[in-house]
Structure formats: structure tokens, C-alpha cells
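Have a look at the structure below before the remarks.
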Amino acid sequence: MSYNIAVDGPAGAGKSTIAKQVAKKKGIIYVDTGAMYRAMALFMIREKVDPTNQEAIIAKCDEADVTLGQEDGQQVVFLNGENVNGLIRTEAVGNMASTISVIGKVRENLVAKQQKLAETTDLIMDGRDIGTCVLPNANLKIYLTASSEVRAKRRYDELVAKGQECDLAQIKADIEERDYRDMHREISPLKQADDAILVDTSYMTIDEVVAKILELAE
Ligand code: DC
């Protein structure tokens, strides 16, 4: 049996930063499932699919083969064989990912791949539905959250550090809209699993959160 940690939570709660460090400390793999939805979103943007047209998205999604690999201890996401890691971290792709992830057909395909990987691999996987749907029997489930003010500021600092121009109020509005959509969709909405442990990172440092999760894992 493989060892699995599930981490869920809203955008900007610190899931990927924390999960990467926990993975390193525990010698397990980090799997970012959001990257798979983002790669699918990138495909839809490139194909100029209207995000409000669910039929068109459903018709197109079989043409996008999204797979994961590992290079130098880092996750790589491939879209029809192309490494798209460098193309999926924009707000536009994130918003498109949130929009298309409400569709069952989009989720089914990606969830099956995530479950297959977790069956044979010791890993920490983050997303929105990992504890509730993808890995219901995970060894440890964490629900990581923070206030929308704190999350917007973190995302803002991240984008500024990358040299991208952005507006804090706009980011906060986008985050709140994305949270609403992720939490209220019909299929696998973002919510804390009954057996998940809530960790509010608003007033915690990264090191404190990592230490807390390692302690819970023990
Ligand atoms: O974690 P992220 O910001 O990269 O995720 C982008 C979007 O993908 C998110 O707003 C909702 C969707 N998503 C999902 O529905 N289920 C997951 N397990 C991961 C992401």
C-alpha cells in the first residue's frame, strides 16, 4: 500500500509551497493536480473554445492528453506531449481552469489518472477534491486555508516577484469569484472532508505550517 497525504483548500492558501516542502522532508513525490486542470484550460484557450459553452468543452476534451512526469524532483505537466509548465501559471489560465473544472467529463479523465498514480506511489497531492473524492482513504488529510485578504496579498507578491503587472483589488475579486465557483459547483465542490484537519495559515509562517503537517504525519 502506498502512503498518501491529501491537501485541499482555496486558491492561494499555500498548498503547493507547503506540499513541496513536506514532500522533500518525507522523501515522497509532490503532485499538483491544479496543473492538470490548467493544462486542459490552456488547450481550450489555444483552441479558442468559448468558456461559457460546455458542449464545446466536452467535445474538445478528448483531444487533450494531459499527463504528469518528474524531472529533477519537480513535477512536469505535458499537454499532448509538450511540456507546458512555463505556460500555465497565469491568472487567465487559472480562471479558465476553474471554469472548465465544473464539467464532469473534464474531471473524470483527470481524477482517474490521479488515482492510478496514487495507488503505486508515496505522495502528497494537492487540489480541491483530493480528500473528498480522489483519495478518500488517504493516510492524512489536510484542509489548508487563509483569509481572502491574506491569499490575495500572497498571490500579488508572487506575481510582482515574477515581474508581472497586477492589481491587488482585482486579484482579491478574482480569488473570491474562483472560490465561490470551486465551492458551489455540483460535482466534487471544494470542501473540507469530514476526516480532514483544518490548518488556517493566515498568521503562520511557511516553516510553521510545514512543521505542523510533519507532526500530524507522524
Ligand atoms: O490549484 P490551482 O489554482 O492551480 O487550480 C486551478 C483550478 O483548477 C481551480 O480553481 C479549480 C480547479 N481544480 C479542481 O477543480 N480540482 C483540483 N483537484 C485542482 C484544481
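Both backbone and side-chain heavy atoms feed into the values below; hydrogens, waters and symmetry mates do not. Whatever order the structure lists ligands and atoms in, that order sets their numbers, starting from 1.
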Sequence neighbours left out, what passes ring pair (Phe, Tyr, Trp, His ring centres under 6.0 Å) with Y180? Give chain and number order. H184
Students should be able to answer this: which protein heavy-atom is nearest to atom 8 (O) of ligand 1, and at what distance? Y37 CB, 3.5 Å
A student checking ligand 1 against S98 at a 4.0 Å heavy-atom cut-off should list atoms 7 (C), 10 (O)
Can you list the atoms of ligand 1 that are under 4.0 Å from a heavy atom of A97? 6 (C), 7 (C), 8 (O)
Atoms of ligand 1 close to G34 [distance to a heavy atom under 4.0 angstrom, numbered from 1]: 4 (O), 5 (O), 19 (C), 20 (C)
Taking only heavy atoms of S101 into account, list the atoms of ligand 1 that are under 4.0 Å away from them. 11 (C), 12 (C), 15 (O)
Tell me whether R107 reaches ligand 1 (any heavy atom closer than 4.0 angstrom to a ligand atom). yes
Ligand 1 atoms nearer than 4.0 angstrom to some heavy atom of T33 are 17 (C), 18 (N), 19 (C)
Check whether the side chains of S148 and E176 place a donor and an acceptor atom closer than 3.5 Å, and report yes or no. yes
Quick one: are L214 and V22 in side-chain contact, heavy atoms under 4.5 Å? yes
Got more than 12 heavy atoms from elsewhere within 6.0 Å of OH, Y156? no
So, S101 versus R185: side-chain donor-acceptor pair below 3.5 Å or not? yes
Name the closest protein heavy atom to atom 6 (C) of ligand 1, giving the residue it belongs to and the distance to 0.1 Å. R178 NH1, 3.6 Å
Could you tell me whether R128 and ligand 1 have an N or O pair separated by under 3.5 Å? yes
Would you list the atom pairs, donor with acceptor, under 3.5 Å between side chains in residues 46-59 and any protein atom, with sequence neighbours excluded?
{"from": "R46", "atom 1": "NH1", "to": "E82", "atom 2": "OE1", "distance (Å)": "2.9"}
{"from": "R46", "atom 1": "NH2", "to": "E82", "atom 2": "OE2", "distance (Å)": "3.0"}
{"from": "E47", "atom 1": "OE1", "to": "K60", "atom 2": "NZ", "distance (Å)": "2.9"}
{"from": "D50", "atom 1": "OD1", "to": "T52", "atom 2": "N", "distance (Å)": "2.9"}
{"from": "D50", "atom 1": "OD1", "to": "T52", "atom 2": "OG1", "distance (Å)": "2.7"}
{"from": "D50", "atom 1": "OD2", "to": "T52", "atom 2": "OG1", "distance (Å)": "3.0"}
{"from": "N53", "atom 1": "OD1", "to": "E55", "atom 2": "N", "distance (Å)": "3.3"}
{"from": "N53", "atom 1": "OD1", "to": "A56", "atom 2": "N", "distance (Å)": "3.1"}

Numbered atoms of ligand 1 (with element) below 4.0 Å of D182, judged on heavy atoms: 9 (C), 10 (O), 11 (C)
Have a look at I88 and tell me which of M36, M96, R38, M40 forms a side chain to side chain contact (heavy atoms under 4.5 Å, CB included) with it. R38
Protein heavy atom at shortest distance from atom 4 (O) of ligand 1: R38 NE, 2.6 Å
Decide whether the shortest distance between a heavy atom of R185 and an atom of ligand 1 is less than 4.0 Å. yes
Using a strict 4.0 Å cut-off to heavy atoms of G127, name the atoms of ligand 1 that fall inside it. 17 (C), 18 (N), 19 (C)
Mark yes or no for whether R154, through its side chain, and A13, through its backbone, hold a donor-acceptor pair below 3.5 Å. yes
Do D32 and S16 have side-chain N/O donor and acceptor atoms under 3.5 Å apart? no
